[in-house]
Colleague: 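Below is one structure. I have some questions about it.
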Amino acid sequence: MGAFAICATLQVLSIVHHVHEVHAYKVQGIVRSDCDLYQGSWVKDDSYPLYNTSNCNFIEREFDCQNNGRPDKEYLKYRWQPTGCKLPRFNGQDFLSRLQGKSIMFVGDSLSLNQWQSLTCMLHISDPQTNKYTLVRTGGLSTFTFLVYNTKIMFQRNAFLVDIVTTNIGRVLKPDSIESGKSWVGIDFLIFDTWHWWLHTGKKQPWDFIEEGNATIKDMERLVVYEKALNTWAKWVNTNVDAAKTMVFFQGVSPDHYDGSDWGEQNSMHCEGQREPFLGANYPAGPHPAELVVEKVSQTITKPLYLLNVTYLSQIRKDGHPSVYGHGGHRDMDCSHWCLPGVPDTWNQLLQGDMGAFGVITSLLLIASMQQVYKGHSKIHEEKGHCDLYKGTWEYDKSYPLYNSTQCPFIEKEFDCQKNGRPDQFYLHFRWQPTSCNLPSFNGGDFLRRYRGKRLMFIGDSLSLNQFQSLTCMLHVAVPNTKYISQRTGDLSTFNFPEYNVSLMLSRNAFLVDIVHEKMGRVLEINSIGSGDLWKGFDTLIFDSWHWWTHSGRKQPWDFVRDNKEIYKDADRLVLYEKALSAWANWVDSNVNPTKTKVFFQGVSPDHWNSSDLDPESKTCIGQRLPMVKYTGGPPPAEVVLEKVIRRMSKPVQLLNITTLSQLRKDGHPSVYGLGGHRGDDCTHWCLPGVPDIWNQLLYANLF
């Protein structure tokens, strides 16, 4: 690289570093500052609302709740307050001056219309010159042009993003086709949205059949077909978007409020009569399933993608819908759309904040081919020569297994399936084959030589123990004549190879956060990590937590949860899991020196207790003899939560994304050949040799 190129690169890196310090921006889910704008609460503010609909005669009647007779006005007086900072007030003049000569297109359903109408009104009232505007509707495309600024704000009605075509058999949904994408090319800012219409059935369902590849079927589980459609959209973005020209947003999933149990009011049938936001600490319904799918698909997009993660802040606004003060009155209860002024105004405040990062993204793209620009940021996984090691299939290979458990007398009885009488051995002979490359063979001697003088610690539950025991055995059989020392003190196990001065340790810590004993009982301290001092100074940390979060009744190891100053009996486990992971993430960001310590997270190891995840004739993993070719159960919600938290971190964390490859191995569990025999079927842990050996091959591939 020439001197000029080096100087230019350093200049841009300096700019990026500076902007990273003062801005909050998100690229493909990578979080950008010490403040998460999407976590916070609604606070009363008498300076709200930001406008009056009488100033915007183009607002649709269905959103104009005051004009439709809504008697209360308190819902208009709430401002979104992020937990650790302030959301800048919307500045329409600044918005238009920055976007002079630019085009913005909202693409989606009536929730996109909701946001588009909010934005056009907020801009219209901001500057006297914006009175000079044109509004043109042609078919499904509406264009609002601010003539003085030559700025176009467009809305294209496209509820599914993918195609619906009329054929001789009827209306056919094609989740793998996007013909309308041609109209999106060249737009400066694209803001996509889809979910609301995927739930419709009966007369409101706009298709008669679904066509996927060469197959035509009547219907499909809606979250599954939704994910297929989003994957098609993601491929369109990857293929067609010029990131130096176009910024891509996804609105997120706008929640509805038709079921009072979602917010803890069992007697409420819908949102009618709601006068204030949900004020509790934990929204009872938990994360929205469609939001989890959006976040999963967003990780497959290689171009910069901004997720306007509006779901949570909107979930707690049960008071913000038209209800009977919409288009249809009492004949058409509306708890899906939002009154204007209202919640979508905050979505647009968040949109303005993210659009300010466009110059930063352009700078990043200039040097993306020269350096790993995002080094120092959180990583979901690291690409190896453009090959995703975590996508592939299990192939039969007679050279497997990598060892015999008789060579490792320290393996726990619960994992030693052959010794416990498992009669079949076919499950031992499968090798993980990534789709586009080969997973490097595990070389224990090389591992020990390259790791000489270093220390590695697993921190987690019995799935960490599973992986720890696999790794110690794989290393031991590689150098069988080398002395080892294995000892356990309390919850800490240590396995040393003195010749190499290598220490492998396991700290049993199922929740990562603290459980303390008090007079009232066992208390889960969801924001506290007292054991973190033990983790400091290691060369490699490999964390794991999920398995125990699902336990209830006698197996639940806490009686109360302390969340800052609030104490409660229980909460949605995914919500608690995310809070605990956020505390862990704060610990890593505050205590880890990336030049000294590499941090991994094991991922979420799946179980196979549910027959719907396997096949119709199976009740559990008992009797399973072969891997699956395709897993139909979808991603575990915990995996999506984990990836969400990792993306918010400022220190590098590598996810050993073992979930999908492990989901395919319904045959790999001890079942009745574990610790408890038929009295304690085990479809959670893994036989050794077995699946955790592949986890350690992936660790080896990413560690060096």
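The analysis underlying the following values was restricted to heavy atoms, covering all of them including side chains, and did not include hydrogens, waters or symmetry mates.
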Colleague: Take atom NZ of Lys413 as the centre, draw a 6.0 Å sphere, and report whether it contains more than 12 heavy atoms from other residues, nucleotides or ligands.
Modeller: no
Colleague: Suppose we screen for salt bridge (Lys or Arg N to Asp or Glu O under 4.0 Å). Which residues come up paired with Glu414, at least two apart in sequence or across chains?
Modeller: none
Colleague: Quick check for you: to the nearest 0.5 Å, what is the distance between Leu230 atom CG and Ser298 atom OG?
Modeller: 9.5 Å
Colleague: Checking Thr489 now: which residues fulfil side-chain contact (heavy atoms from CB on, under 4.5 Å) with it, not counting sequence neighbours?
Modeller: none
Colleague: Answer yes when Glu578 and Arg648 have at least one side-chain N-carboxylate O distance shorter than 4.0 Å, and no when they do not.
Modeller: yes
Colleague: Using side-chain contact (heavy atoms from CB on, under 4.5 Å) as the criterion, list what pairs up with Asp461, not counting sequence neighbours.
Modeller: Leu463, Ala510, Asp544, His547, Trp548
Colleague: Between Trp686 and Phe415 (judged by ring centroids, cut-off 6.0 Å), do the two rings come close enough to count as a pair?
Modeller: no
Colleague: Once side chain to side chain donor-acceptor pair (under 3.5 Å) is applied, do any residues pair with Glu295, and if so which ones, sequence neighbours excluded?
Modeller: Asn309
Colleague: Considering only residues two or more places apart or on different chains, which pairs with a residue in residues 305-317 satisfy salt bridge (charged side-chain N to carboxylate O under 4.0 Å, His left out)?
Modeller: Arg317-Asp319
Colleague: With sequence neighbours left out, what residues match Gln39 under side chain to side chain donor-acceptor pair (under 3.5 Å)?
Modeller: none
Colleague: Which residues pass the salt bridge (Lys or Arg N to Asp or Glu O under 4.0 Å) test with Lys536, not counting sequence neighbours?
Modeller: Asp533
Colleague: In terms of ring plane angle, is the pair His196 and His337 parallel, tilted or perpendicular, where the classes change at 30° and 60°?
Modeller: perpendicular
Colleague: Could you check whether the rings of Phe468 and Phe495 sit parallel, tilted or perpendicular, using 30° and 60° as the cut-offs?
Modeller: perpendicular
Colleague: Listed by chain and number, what are the salt bridge (Lys or Arg N to Asp or Glu O under 4.0 Å) partners of Glu639, not counting sequence neighbours?
Modeller: none
Colleague: Just to verify, what does Asn593 make a side-chain contact (heavy atoms from CB on, under 4.5 Å) with, not counting sequence neighbours?
Modeller: Thr595, Lys596
Colleague: Under 30°, 30 to 60°, or over 60°: which ring-plane class applies to Tyr312 and Trp80, parallel, tilted or perpendicular?
Modeller: perpendicular
Colleague: Suppose we screen for side-chain contact (heavy atoms from CB on, under 4.5 Å). Which residues come up paired with Arg455, at least two apart in sequence or across chains?
Modeller: Ser503, Phe538, Asp539
Colleague: Determine yes or no for a side-chain-to-main-chain donor-acceptor pair under 3.5 angstrom, with Lys651 supplying the side chain and Val592 the backbone.
Modeller: yes
Colleague: Under the side chain to side chain donor-acceptor pair (under 3.5 Å) test, which residues partner Asp345, sequence neighbours left out?
Modeller: Tyr51, Ser118
Colleague: For Lys44 and Tyr78, run side chain to side chain contact (heavy atoms under 4.5 Å, CB included): C-alpha distance rounded to whole Å, both residues' side-chain angles, the deciding distance at 0.1 Å, then the answer.
Modeller: CA-CA 5 Å; Lys44 280 194 174 181; Tyr78 285 96; 3.3 Å; yes
Colleague: Not counting sequence neighbours, which residues clear salt bridge (Lys or Arg N to Asp or Glu O under 4.0 Å) with Arg522? List them please.
Modeller: Asp559
